[in-house]
Amino acid sequence: MTIENIGSAEGKEVTLRGWVYKHRSKGSIAFIDLRDGTGICQCIASKNDMSEEKFEMAKSLTQESSLIINGIVKKEDRAPGGYELQVTDLNIIQIAKDYPITKKEHGPDFLTEHRHLWLRSSKQHAIMRVRASVVKAIRDFFDGNGFKLMDSPLLTPNACEGTTTLFETQYFDIGKAYLSQSGQLYAEASAMALGRVYTFGPTFRAELSKTRKHLTEFWMVEPEMAFFDLNDDMDLAEDLVEYIVQYVLKTNQKELKTLERDTTKLENIKRPFYRMSYTEAVEWLNKNNVPLIKKMPDGREEEIPFPWGEDFGAVQEEAIMEQFDKPLIIHRYPSEVKAFYMKRDPENPKVVLAMDMLGPEKAGELIGGSQREDDYDLLLERIIRENLPVEDFQWYLDLRKYGTVPHSGFGLGVERTVKWITGASHIREVIPFPRMIHRIVP
RNA sequence: UCCUGAGUAGCUCAGCUGGUUAGAGCACCUGACUGUUAAUCAGGGGGUCCACAGUUCAAGUCUGUGCUCAGGAGCCA
C-alpha cells in the first residue's frame, strides 16, 4: 500500500513503509507524519491501541527515522491528507539522529549543500513529480506524433554554435573533446534519415552565468523535422508547450496545490499563443520608451532608443512579456545576432528564419529554434565568415550535398519549463542535483 | 567575468558610538500533557564571532587582503 492511494483502503488494516516527516508526541498520544515517497499520511499512535513497548517506540521517533507501520485507515478531516492511520503496530528500521533540515527556514547555501536530503521536503518532492510529468508529456507528445527518438552524442569534436564556452576534456590521443551544448547538428542528420526525430538529453554550457535561470548542466529536448518551414516549426512549438502544461494540470493537481501555484494562469495556456516579428518588437519597445542601456567606455551607463539589430536583454524581454498572459514567439531576428546555421529570410536577407518562445510570468526564454540553412554554398560561406573550422563541419555540409531539403527544429529547456509551471523561484530547485558555476557537490 | 550585499551556536538571525562573562527562536537532551498539524509549557547542554594581517589600553564591532555564499548584469535554454 502506498500513501498516494490510501483512500481506497478506508476501514482496512494496511502496512505503510517510510520515513518520519514530522513527529509530535503528547502524553499518551503520538502523531507521526509518515512519508513514503508517494505522499504524507498522519499516523496516530495511541496508548490504548498498542503495547507499552510499542507506544514507547512511537514516542521515541525522530525526524527521518525509517519504519514500518501497521494500522487501520480512517477518514479524518483533521488530518492533512483527509485520511489518517490508527496505528496498531510499528517496527523501527533506524532511528535517525540530528537530521540537519528542520521545520524552520534555511538559507539557500545550506539547502543546496544538503540537496540529497532537501529532495525529501514536500515542496521539492512536488517539484520533482511535476518534472517527471513534464518529461513524460514531452515523450508522449513526440512519440504520438510520428517522431522517433534519435539521441545525439554528448562527447563532440566541435562547437555547435561556436559562440558559447564549452567543457573540454582529453579524448585519448585523438585530441580535445567537448561536452555537447546542443544535439541539433546531429538531429539534422537524423531527420534526413528518419523524417521527424527528437533528441533528448543533458547539455552543457561552461558560461559564467550566475542567475536564477542558468545551470551549467541542463536538459533539453530538440525536435528536428524534414520539410518543415518556420511556420510549421512555430506551430509545433506551440502544440508542445500547450500539451505539456495541460498534461501537468491533468496529472499534478495535488503537487501544484502543495506549491501554491495559481493554476488558473496555467489553465489559460491554450493555443493560439502570441507572435511578433523582431522588427515589430523593436517598434513596440521604442513606442513604449524601453531604452537600451549601453555601457560607455568610461564605465558610465547611457540610455538610448533601442536600435534595430541589437539583441534583446532581460529588460526588453520582460517589458514586452508584461502584457501577455500566454507565451509569445518572437521571430525573424537580425542575422548578425543569431547562429550560422539559420536560414536567411528570402523576403528580407537581413533577418533569419529564427524564433524564440518567451513564457509569461517572467519565465524567460523557453524555446529557441529556426529553419536551417539548406543551401550548401550559403552555409559554407557562413561557416567561413564565423571563423569555424570547415573540416569539422564537413559531415554537416554533406547533408546539403546529398538530397538537401528545407527543414526546421527547436530546443526546449526542460528546467526553464518546469520552473515556469511550478513557479519555483530558482532553477536549482527544478533539477535533482543542480550543476552551477562554483558548485558540483552533491 | 563584472557590479552590489552577506559571513556570529547544528539552522535562521539580533548584537547600538569599539568596553567586563556574546544573545534569541528553532533543533537536540530531560520532564509534563489524549487531537496535534511550525503543538505547547518547564529545565539543560551547545560558540575557532570565515581566515590572515593591521589600528587601539581594548576588536564580533574599525581598516586592508583573501576565501565562501547570495542577488543582479552580460550570454543563453
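Convention: sequence-line order gives letters A, B, ...; per-chain numbering from 1.
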- Item | Position toward the 5' end of RNA chain B (nearest nucleotide), Phe31(A) or Leu366(A) | Phe31(A)
- Query: When the nearest nucleotide of RNA chain B is assigned to Ala79(A) and to Gly411(A) on a heavy-atom basis, which residue is associated with the more 5' position?
  - Reply: Ala79(A)
[N] and [M]: how far apart are their [atom1] atoms, nearest whole angstrom?
| N | M | atom1 | value |
| --- | --- | --- | --- |
| rC49(B) | rU68(B) | C1' | 16 Å |
| rC76(B) | rU1(B) | C1' | 15 Å |
| rG19(B) | rU63(B) | P | 15 Å |
| rC52(B) | rA14(B) | P | 24 Å |
| rG23(B) | rU65(B) | C1' | 31 Å |
| rC26(B) | rU55(B) | C1' | 39 Å |
| rU12(B) | rG54(B) | P | 32 Å |
| rA6(B) | rG15(B) | P | 12 Å |

Starting at [atom1] of [X] and ending at [atom2] of [N], how long is that distance when rounded to a whole Å?
| X | N | atom1 | atom2 | value |
| --- | --- | --- | --- | --- |
| His426(A) | rC69(B) | NE2 | P | 13 Å |
| Leu61(A) | rA39(B) | CG | C1' | 17 Å |
| Ile32(A) | rU37(B) | CD1 | P | 16 Å |
| Glu415(A) | rC76(B) | CD | P | 19 Å |
| Phe110(A) | rG10(B) | CZ | C1' | 7 Å |
| Ile437(A) | rA70(B) | CD1 | C1' | 13 Å |
| Met436(A) | rU68(B) | CE | C1' | 14 Å |

- Task: I would like to know whether Arg205(A) and Glu217(A) meet salt bridge (charged side-chain N to carboxylate O under 4.0 Å, His left out); could you show each step before the answer?
- Result: CA-CA 7 Å; Arg205(A) 309 260 166 112; Glu217(A) 177 181 317; over 6 Å; no
Candidate nucleotides [options], ranked by approach to the side chain of [X] - the nearest:
| X | options | result |
| --- | --- | --- |
| Arg78(A) | rG71(B), rG35(B), rA77(B) | rG35(B) |
| Glu207(A) | rC75(B), rU36(B), rU34(B) | rC75(B) |
| Arg428(A) | rU37(B), rA70(B), rU34(B) | rA70(B) |

- Task: Identify, with sequence neighbours excluded, every residue that meets salt bridge (charged side-chain N to carboxylate O under 4.0 Å, His left out) alongside Arg275(A).
- Result: Asp235(A), Glu238(A)
- By salt bridge (charged side-chain N to carboxylate O under 4.0 Å, His left out), which residues pair with Lys326(A), not counting sequence neighbours? none
- Task: Test the Lys350(A)-Trp308(A) pair against the cation-pi criterion, namely NZ or CZ under 6.0 angstrom from the six-membered ring centroid and within 45° of the ring axis.
- Result: yes
Under 4.0 Å, heavy atoms only, any strand: does [X] hit a base, just the sugar-phosphate, or nothing?
| X | value |
| --- | --- |
| Pro80(A) | base |
| Ile367(A) | sugar-phosphate |
| His114(A) | nothing |

- Apply side-chain hydrogen bond (donor to acceptor under 3.5 Å, both in side chains) to the pair Asn70(A) and Thr88(A), showing each step before the final yes or no. CA-CA 6 Å; Asn70(A) 291 316; Thr88(A) 52; 5.5 Å; no
- Quick one: which of Asn91(A), Leu16(A), Val20(A) gives a side chain to side chain contact (heavy atoms under 4.5 Å, CB included) with Leu67(A)? Val20(A)
Is there a donor-acceptor contact under 3.5 Å from the side chain of [X] to the main chain of [Y]?
| X | Y | result |
| --- | --- | --- |
| Thr203(A) | Phe218(A) | yes |
| Gln63(A) | Ile101(A) | yes |
| Lys75(A) | Glu84(A) | no |

Within [range], which residues have any heavy atom lying less than 4.0 Å from an atom of RNA chain B?
| range | answer |
| --- | --- |
| residues 208-225 of chain A | Leu208(A), Ser209(A), Lys210(A), Thr211(A), Arg212(A), Lys213(A), His214(A), Leu215(A), Phe218(A), Met220(A) |
| residues 308-321 of chain A | Asp311(A), Gly313(A), Ala314(A) |
| residues 13-29 of chain A | Lys22(A), Arg24(A), Ser25(A), Lys26(A), Gly27(A), Ser28(A), Ile29(A) |

- Query: Any chance the rings of Phe340(A) and Phe393(A) have centres within less than 6.0 Å?
  - Reply: yes
- How about Tyr247(A) and Phe141(A): are their ring centroids closer than 6.0 Å? no
- Message: salt bridge (charged side-chain N to carboxylate O under 4.0 Å, His left out) for Asp229(A) and Lys343(A)? Distances and angles first, verdict last.
- Response: CA-CA 10 Å; Asp229(A) 64 16; Lys343(A) 188 177 175 64; over 6 Å; no
- Task: Test Gln86(A) against Asp49(A) for side-chain hydrogen bond (donor to acceptor under 3.5 Å, both in side chains), laying out the working first.
- Result: CA-CA 8 Å; Gln86(A) 190 77 40; Asp49(A) 297 347; 2.5 Å; yes
Counter-base of [N], judged by Watson-Crick or G-U geometry with both distances under 3.5 Å:
| N | answer |
| --- | --- |
| rG71(B) | rC3(B) |
| rG18(B) | none |
| rU12(B) | rA24(B) |
| rU63(B) | rA53(B) |
| rA77(B) | none |

- Message: Using 30° and 60° as the class boundaries, would you call the ring planes of Phe147(A) and Tyr198(A) parallel, tilted or perpendicular?
- Response: perpendicular
- According to the interplanar angle, ranging from 0 to 90°, do the rings of Tyr274(A) and Phe324(A) count as parallel (below 30°), tilted (30 to 60°) or perpendicular (above 60°)? tilted
- Apply side-chain hydrogen bond (donor to acceptor under 3.5 Å, both in side chains) to the pair Gln184(A) and Tyr341(A), showing each step before the final yes or no. CA-CA 10 Å; Gln184(A) 184 205 312; Tyr341(A) 51 74; 3.1 Å; yes
- Under 3.5 Å donor-acceptor pair, Asn48(A) side-chain atoms to rU34(B) base atoms: yes
- Query: Only one of His125(A), Glu64(A), His114(A) clears side-chain hydrogen bond (donor to acceptor under 3.5 Å, both in side chains) with Arg120(A); which?
  - Reply: Glu64(A)
Enumerate all atom pairs, one protein N or O and one N or O from nucleotides 25-30 of chain B, separated by less than 3.5 Å.
unit_1	atom_1	unit_2	atom_2	d
rG25(B)	O2'	Lys104(A)	NZ	3.3

